[in-house]
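Have a look at the structure below, then the notes.
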Amino acid sequence: MEASTAPWTSCLLDENTFTENFMNRIRPRKTYLCYKVEILDGDARVPLDEKKGFVRNKGANEPGMPRHAECYFLDRIRSWNLDRGLHYRLTCFISWTPCHSCAQELATFLGENSHLSLHIFASRIYRRPGYEAGILTLQAAGAQIAIMTSKEFQHCWENFVDHQERPFRPWVGLEVESQHQCNELQAILQTQAN
DNA sequence: ATTTTCAAT
């Protein structure tokens, strides 16, 4: 269960919320997106820890218009007004890959903000009409897209979860499912490599 | 390979 106030905007993820949404063999009907920001300075990467957090989609069963997690993510980035004279890397760990529409929006955003680069790690591939084209559009816009492996799940656990000092414990089937999703993503990404 | 999946057949 989640906190009752503004569940799609908080600081650290509840352990169960993390597991229930990022466990890659299940298909939750909601999406969580954890993000972090770094300044790229030559080969160095300087983390901006104050700009780290997560967002969640708002479902059709909640008040107001439904909104995908990526929209909230874009809201946050825009609100920061990051310095155009610097270069930033945005990394997000998202429980579903962006849908066609969100992928288009992210791609447009990247096109308008050459000082930002985006790395996406997804737990699993979202398959709704146009999802393949969306992923290709994102890739063409310069985004790096990959499937989360145990390394990324552990990173999320350590950085975005209220883990109470407990170590990350991989679930059964994590590696197999990750490899499976990865194979499918590679197949999509290579579609237009011609 | 099976997937019904940012909910509502």
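Below, each value reflects all heavy atoms present in this structure, side chains not excepted, and no hydrogens, waters or symmetry copies. Chain A is the first sequence line, chain B the second, and so forth, proteins listed ahead of strands; every chain is numbered from 1.
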* **Within-4.5 Å side-chain heavy-atom neighbours: Thr97(A) and Arg124(A)** => no
Could you give the side-chain donor-acceptor pairs of residues 162-174 of chain A under 3.5 Å, partners two or more places apart or in another chain?
residue	atom	partner	partner atom	Å
Asp162(A)	OD1	Gln164(A)	NE2	3.3
Asp162(A)	OD2	Gln164(A)	NE2	3.3
His163(A)	ND1	Glu165(A)	N	3.0
Arg166(A)	NE	Glu15(A)	OE2	3.1
Arg166(A)	NH2	Glu15(A)	OE2	2.6
Trp171(A)	NE1	Asn24(A)	OD1	2.9

* Considering only atom P, compute the distance from dT3(B) to dA7(B) and round it to an integer number of Å. => 22 Å
* Assign a letter to each nucleotide of nucleotides 2-9 of chain B from its 5' end: B, base within under 4.0 Å of a protein heavy atom; S, sugar-phosphate only; -, no contact. => BBBBBBS-
* Classify the ring geometry between Tyr35(A) and Phe73(A) as parallel (under 30°), tilted (30 to 60°) or perpendicular (over 60°). => tilted
* Asked: Do Phe121(A) and Phe93(A) make the cut of ring centroids closer than 6.0 angstrom?
  -> yes
* Asked: What interatomic distance, in whole Å, is found between P of dT4(B) and the corresponding atom of dT9(B)?
  -> 16 Å
* Plane angle bin for Phe22(A) and Phe153(A) - parallel if under 30°, tilted between 30 and 60°, otherwise perpendicular -> perpendicular
